[in-house]
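The next block holds one structure in the form of structure tokens; read it before the comments.
Just so you know, ligand 1 is whichever comes first in the structure, and atom 1 is the first atom listed for that ligand. The structure presented is a predicted model; accordingly, all values stated were derived computationally and were not measured.
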Amino acid sequence: MDDHRVELGDTGDLGDGQLRYCDIGDHGVVVCRVKGEVFALEDNCSHADTPLSQGSLSGYMLTCPLHGAQFDVRDGSHGGPPAYVGVRTYPVEESETGVVIDMSAPDVDPDDGFGQPGGMFRTR
Ligand code: FES
């Protein structure tokens with residue numbers, strides 16, 4: 001398997017509207033399921049580096065637990081302040097044998113202002 005492709009195994013127990021932290025990459029990855037489809041995002045709020053896996057999921061919107069910024073799990077775009085840019089998302093393949101995430105080419109919407117990584121008390 002390609003070095004950038006990460007097998008997560010069977011996520012059949014991940015129910016609709018649920019999310020899970022996976023220890024992959026620098027900040028980990030949040031994996032969630034919405035309307036039967038699995039999505040993967042960087043587990044790091046672009047506002048002030050808070051794990052989004054500790055947030056809440058409502059529909060396609062993942063809400064940061066610290067200040068309430070929201071991110072669309074489909075493309076990582078932010079829903080407004082206090083975040084000013086989105087977060088990375090990763091292509092997901094789901095098959096009968098499980099879920100694979102492609103970490104090589106994060107989906108980034110250049111129009112969403114994605115750029116430098118955030119830092120403590122510093123927004124992107
Ligand atoms: S750290 Fe996420 S909204 Fe502030």
Side-chain angles (χ1 to χ4, degrees):
M1 177 167 278
D2 185 312
D3 284 344
H4 302 291
R5 291 166 55 85
V6 178
E7 289 187 37
L8 296 185
D10 185 9
T11 56
D13 62 333
L14 184 66
D16 226 51
Q18 293 184 330
L19 54 85
R20 174 178 301 160
Y21 169 77
C22 295
D23 189 11
I24 307 168
D26 293 341
H27 297 293
V29 172
V30 185
V31 176
C32 62
R33 185 183 303 277
V34 180
K35 296 186 179 176
E37 192 174 352
V38 176
F39 300 93
L41 304 84
E42 170 187 14
D43 186 25
N44 189 45
C45 180
S46 62
H47 178 229
D49 291 346
T50 295
L52 292 171
S53 57
Q54 296 175 13
S56 60
L57 186 62
S58 178
Y60 290 107
M61 299 307 286
L62 177 55
T63 302
C64 176
L66 193 55
H67 307 115
Q70 293 188 313
F71 301 92
D72 190 318
V73 299
R74 294 171 290 189
D75 60 6
S77 61
H78 70 297
Y84 293 95
V85 296
V87 296
R88 292 174 189 235
T89 56
Y90 303 97
V92 174
E93 290 175 26
E94 188 173 22
S95 69
E96 291 178 7
T97 57
V99 165
V100 176
I101 296 177
D102 183 353
M103 303 288 286
S104 65
D107 290 341
V108 173
D109 179 356
D111 293 332
D112 200 32
F114 190 89
Q116 299 299 313
M120 188 61 77
F121 305 119
R122 178 179 142 220
T123 59
R124 288 183 193 158

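In terms of modelled atom types and a separation under 3.5 Å, the side chain of Ser46 and the main chain of Val85 share a donor-acceptor contact. With Asp102 contributing its side chain and Pro91 its backbone, the two residues share no donor-acceptor pair below 3.5 Å. Within the 3.5 Å criterion, the main-chain N or O of Arg88 finds a donor-acceptor partner in the side chain of Glu42. At least one donor-acceptor pair closer than 3.5 Å links the side chain of Arg33 to the backbone N or O of Thr11.
Around atom 2 (Fe) of ligand 1, the protein atoms of type N, O or S that sit closer than 2.8 Å are Cys45 SG, Cys64 SG.
Scored by the side chain to side chain contact (heavy atoms under 4.5 Å, CB included) test, Tyr60 finds Val34, Lys35, Phe39, Asp72, Val73, Arg74 as partners (sequence neighbours excluded).
One hydrophobic cluster, built from ILVMFWY side chains closer than 4.5 Å, holds both Val38 and Tyr90.
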